[in-house]
> 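Structure incoming, see below.
Just the heavy atoms: all of them, side chains too, but no hydrogens, waters or symmetry mates, feed the values below. To find a chain, count down the sequence lines: A is the first, B the second, and so on, and within it residues start at 1.
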Protein chains: 2
Amino acid sequence: MGVTIKDIAKETGFSVATVSRVLSNKVGFFSQDTAAVVNAAATKLGYKKNMAATELVTQKSSVIAVIVNSTKTNFSDPIIEGIQQKAAESDKRVIILYAGDHDATSQRRALSTALERPIAGVLLLSVDLFEENLQLLKTAQVPFRFISISFKDSALNYVASDDQQIGYLATKYLIKMGHRCIGLAGIDIESSAHTGKMRLAGYKRALAENNIPLQKNWIQTGNYSYEAGLLAMQNYSNQKCISAVITGSDLVGIGLLNQAAKLHLSIPDDLSLITIDGTYLCRIVQPQLTSVTQDFYHMGYLGAEYLISDQQQNAFTDVKISERESVKKLTL
Amino acid sequence: MGVTIKDIAKETGFSVATVSRVLSNKVGFFSQDTAAVVNAAATKLGYKKNMAATELVTQKSSVIAVIVNSTKTNFSDPIIEGIQQKAAESDKRVIILYAGDHDATSQRRALSTALERPIAGVLLLSVDLFEENLQLLKTAQVPFRFISISFKDSALNYVASDDQQIGYLATKYLIKMGHRCIGLAGIDIESSAHTGKMRLAGYKRALAENNIPLQKNWIQTGNYSYEAGLLAMQNYSNQKCISAVITGSDLVGIGLLNQAAKLHLSIPDDLSLITIDGTYLCRIVQPQLTSVTQDFYHMGYLGAEYLISDQQQNAFTDVKISERESVKKLTL
DNA sequence: CTGAAAGCGCTTACAG
DNA sequence: CTGAAAGCGCTTACAG
């Protein structure tokens with residue numbers, strides 16, 4: 001339908017080969033005069049290159065497919081920005097595919113959409129791939145890398161935060177602030193959930209190092225959602241000992257915050273809160289939430305960089321404590 | 001690199017034509033026996049169709065490109081879900097392109113990425129296209145439609161909320177609740193900003209119908225951001241008359257809410273708030289924000305439907321008042 | 001510097 | 001029901 005190089009060839013009298021050469025700027029293969037004529041014709045006719053054809057013949061593509069969970073969490077945006085930045089620097093394009101919310105069918109659909117055309121690689125943003133879909137990806141002969149999710153077996157490449165360190169840092173910070181009864185809420189520690197288990201391990205390590213015996217019901221598992229936060233706070237409300245809680249995501253933290261208010265508990269006077277993620281949500285609630293902040297932007301940037309340069313090793317991006325208003329220093 | 005129909009032809013002894021026919025399920029053009037053999041070989045070899053090639057020859061595509069602003073607003077998710085739903089029903093695929101935040105360059109990059117390959121159409125989610133990029137889109141010979149943004153001139157097709165009605169409904173609701181000094185905050189009413197001007201028009205109409213003379217500083221313009229909300233509240237704080245404010249987005253509403261707290265003003269006791277959008281953010285702040293709620297999911301669904309079926313008319317999706325906790329009934 | 005030709009992976013009249 | 005052949009829009013050795 002659109003105008004093709006054939007049209008330009010006809011218009012200018014040059015062959016399609018020559019037209020192709022100037023349009024794809026194969027320097028040294030055409031004169032400036034020719035270039036001028038061809039380019040003029042191209043803009044005159046409103047030519048737009050059909051990359052699909054180019055990709056077919058060159059057998060390579062400059063598009064990176066990013067698969068994202070349409071999850072309730074909200075940190076994909078800075079990751080994607082980081083990816084876009086790196087992609088722009090490397091002259092790659094990026095397309096984004098939504099993989100639903102832990103739904104095998106829509107996960108497969110997203111993956112197929114990406115894999116059914118030539119692509120430079122795929123980046124998976126905190127998507128927990130079903131086994132069948134992982135196989136699909138592996139057989140595709142396309143480089144891929146996970147972002148914001150890490151794995152036990154290092155067969156799968158990733159760029160993520162060190163979840164053990166996150167759990168450790170959060171706990172140590174709270175201890176430093178004088179807390180000794182510390183909850184951990186809203187994380188998933190089922191067998192396949194590496195993230196939650198690592199955070200738990202870091203939490204336990206910090207506790208152990210400070211000779212604090214872990215009480216069983218300090219841990220309130222959940223799926224990182226707002227509702228999980230609500231529920232966790234409900235469960236903590238009859239444990240008077242607890243003076244601080246680490247929450248698995250900003251939304252969990254906000255859930256605790258709001259449920260606490262309902263219970264007439266004041267944050268941080270009656271209960272301190274430190275949340276994991278540190279997205280903008282921390283700053284739009286009252287009180288603002290202190291957080292272990294992940295460097296999502298850099299995670300995306302680095303993930304794209306590793307994918308593009310075909311590096312094989314994994315990487316952890318930095319995390320840091322962002323002190324805001326939800327943790328109270330206890331003086332004994 | 002991957003396995004092609006040629007490989008399957010070789011493997012099975014059939015011609016590529018026959019292989020193609022069974023693989024793309026041209027019923028009636030092959031026997032069940034043949035199909036069985038070919039399909040077996042396909043799965044055995046791990047065949048994956050190269051849609052780029054298919055699109056090249058058939059001159060059509062089943063992918064819809066969705067261009068989104070990587071804006072601070074957060075209503076794209078339900079819109080995209082609606083699009084995905086309709087796309088799945090119609091056997092279309094969807095790819096998403098980020099167009100930056102009102103940045104001409106990254107807008108063009110997103111558009112080019114979409115337009116440089118065969119696509120079924122493009123959907124633009126509240127992206128305010130620069131003139132040059134609009135021209136690019138128009139010359140592409142591809143159907144397109146805007147979502148969540150409407151236009152004065154109906155040359156451009158859209159599915160959106162009726163912004164005039166939004167402004168009108170919000171104002172009327174507040175009046176019904178006994179308010180007569182009503183602010184309007186965080187909207188953009190510059191010359192090119194149709195959305196803001198329509199909301200303002202609705203607001204003015206409701207005021208006029210109730211014989212309320214509009215005071216000039218009731219209107220605090222802004223760019224729909226959290227910061228705009230903060231600033232607007234600051235500006236309202238010396239206008240004791242104002243008893244209620246309509247905010248241009250949920251983030252603006254939250255900005256007002258938090259700035260009010262800083263000023264020791266209690267919502268809704270000292271000031272009522274109704275916000276426009278009604279995303280999940282309204283439910284995770286305290287008090288929960290009453291809103292004029294837009295039907296983003298349906299907006300996406302309908303936008304995709306109109307695009308696919310090539311309808312030319314515009315459409316408004318429903319809006320409704322969701323009563324929560326931020327508006328107080330004034331009894332005179 | 002330029003053109004004719006082959007080919008990327010697929011589809012589809014046309015002929016059998 | 002099946003195959004040979006042309007062609008989608010491009011690129012790139014090869015020859016000049």
> Whole angstrom is fine here: how far is it from CG in B/Asn50 over to C1' in D/dG9?
14 Å
> How about B/Ile95 and A/Ile96: do any of their side-chain heavy atoms sit closer than 4.5 Å?
no
> Does A/Asp7 reach the main-chain N or O of A/Thr4 with its side chain, forming a donor-acceptor pair under 3.5 Å?
yes
> Measure the distance from CZ on A/Arg117 to C1' on C/dC8 and round it to the nearest whole Å.
16 Å
> With side chains defined as the heavy atoms from C-beta onward, is the minimum distance between B/Ile83 and B/Ile147 less than 4.5 Å?
yes
> Identify which one of A/Tyr306, A/Phe151, A/Tyr158 satisfies the ring-ring contact (aromatic ring centres under 6.0 Å, His included) criterion when paired with A/Phe146.
A/Phe151
> Could you tell me how far D/dT12 sits from D/dG16 if I compare only their C1' atoms? Round to whole Å.
16 Å
> Under a 3.5 Å cut-off for both distances, is D/dA15 Watson-Crick or wobble paired, and to whom?
C/dT2
> Check the phosphate of D/dG9 against A/Lys48, side-chain N and O only, distance under 4.0 Å to OP1 or OP2. Yes or no?
no
> Does B/Lys49 have a side-chain nitrogen or oxygen under 4.0 Å from the phosphate oxygens OP1 or OP2 of C/dT11?
yes
> Tell me: CD1 of B/Ile5 to P of D/dG3, nearest whole Å?
12 Å
> Grab the CE-P distance between B/Met51 and C/dC10 for me, whole Å please.
11 Å
> Just to confirm, is there a sub-4.0 Å distance from OP1 or OP2 of D/dT11 to any side-chain nitrogen or oxygen of A/Gln59?
no
> D/dC8 C1' sits how many Å from A/Asp7 CG, rounded?
13 Å
> Quick one, A/Ile64 with A/Arg93, criterion side chain to side chain contact (heavy atoms under 4.5 Å, CB included). Give me CA distance, side-chain angles, the key distance, then yes/no.
CA-CA 6 Å; A/Ile64 295 175; A/Arg93 335 239 113 181; over 6 Å; no
> Looking at B/Leu129, is its backbone amide N or carbonyl O close enough to the side chain of B/Asn133 to form a donor-acceptor pair, meaning the two atoms are under 3.5 Å apart?
no
> Quick check: does any side chain N or O of A/Gln107 sit under 3.5 Å from a backbone N or O of A/Phe130, one acting as donor and the other as acceptor?
yes
> Figure out the CD/P separation between A/Glu55 and C/dC10, and round it to whole Å.
14 Å
> To the nearest angstrom, how far is A/Leu56 atom CG from D/dT11 atom C1'?
11 Å
> Would you list the atom pairs, donor with acceptor, under 3.5 Å between side chains in residues 48-57 of chain B and any protein atom, with sequence neighbours excluded?
from	atom 1	to	atom 2	distance (Å)
B/Lys48	NZ	A/Leu136	O	3.4
B/Lys48	NZ	A/Thr139	OG1	3.4
B/Asn50	OD1	B/Ala52	N	3.0
B/Asn50	OD1	B/Ala53	N	3.4
B/Glu55	OE2	A/Arg117	NH1	3.4
B/Glu55	OE2	B/Ser61	OG	3.2

> Taking only heavy atoms on the protein side, list every residue of residues 27-47 of chain A lying under 4.0 Å from any atom of DNA chain D, sorted numerically.
A/Tyr47
> Can you pull out the residues from residues 12-26 of chain A that lie within a 4.0 Å heavy-atom distance of DNA chain C?
A/Gly13, A/Phe14, A/Ser15, A/Ala17, A/Thr18, A/Arg21
> Examine the side chains of A/Asn223 and A/Asp188 and answer whether a donor and an acceptor come within less than 3.5 Å of each other.
no
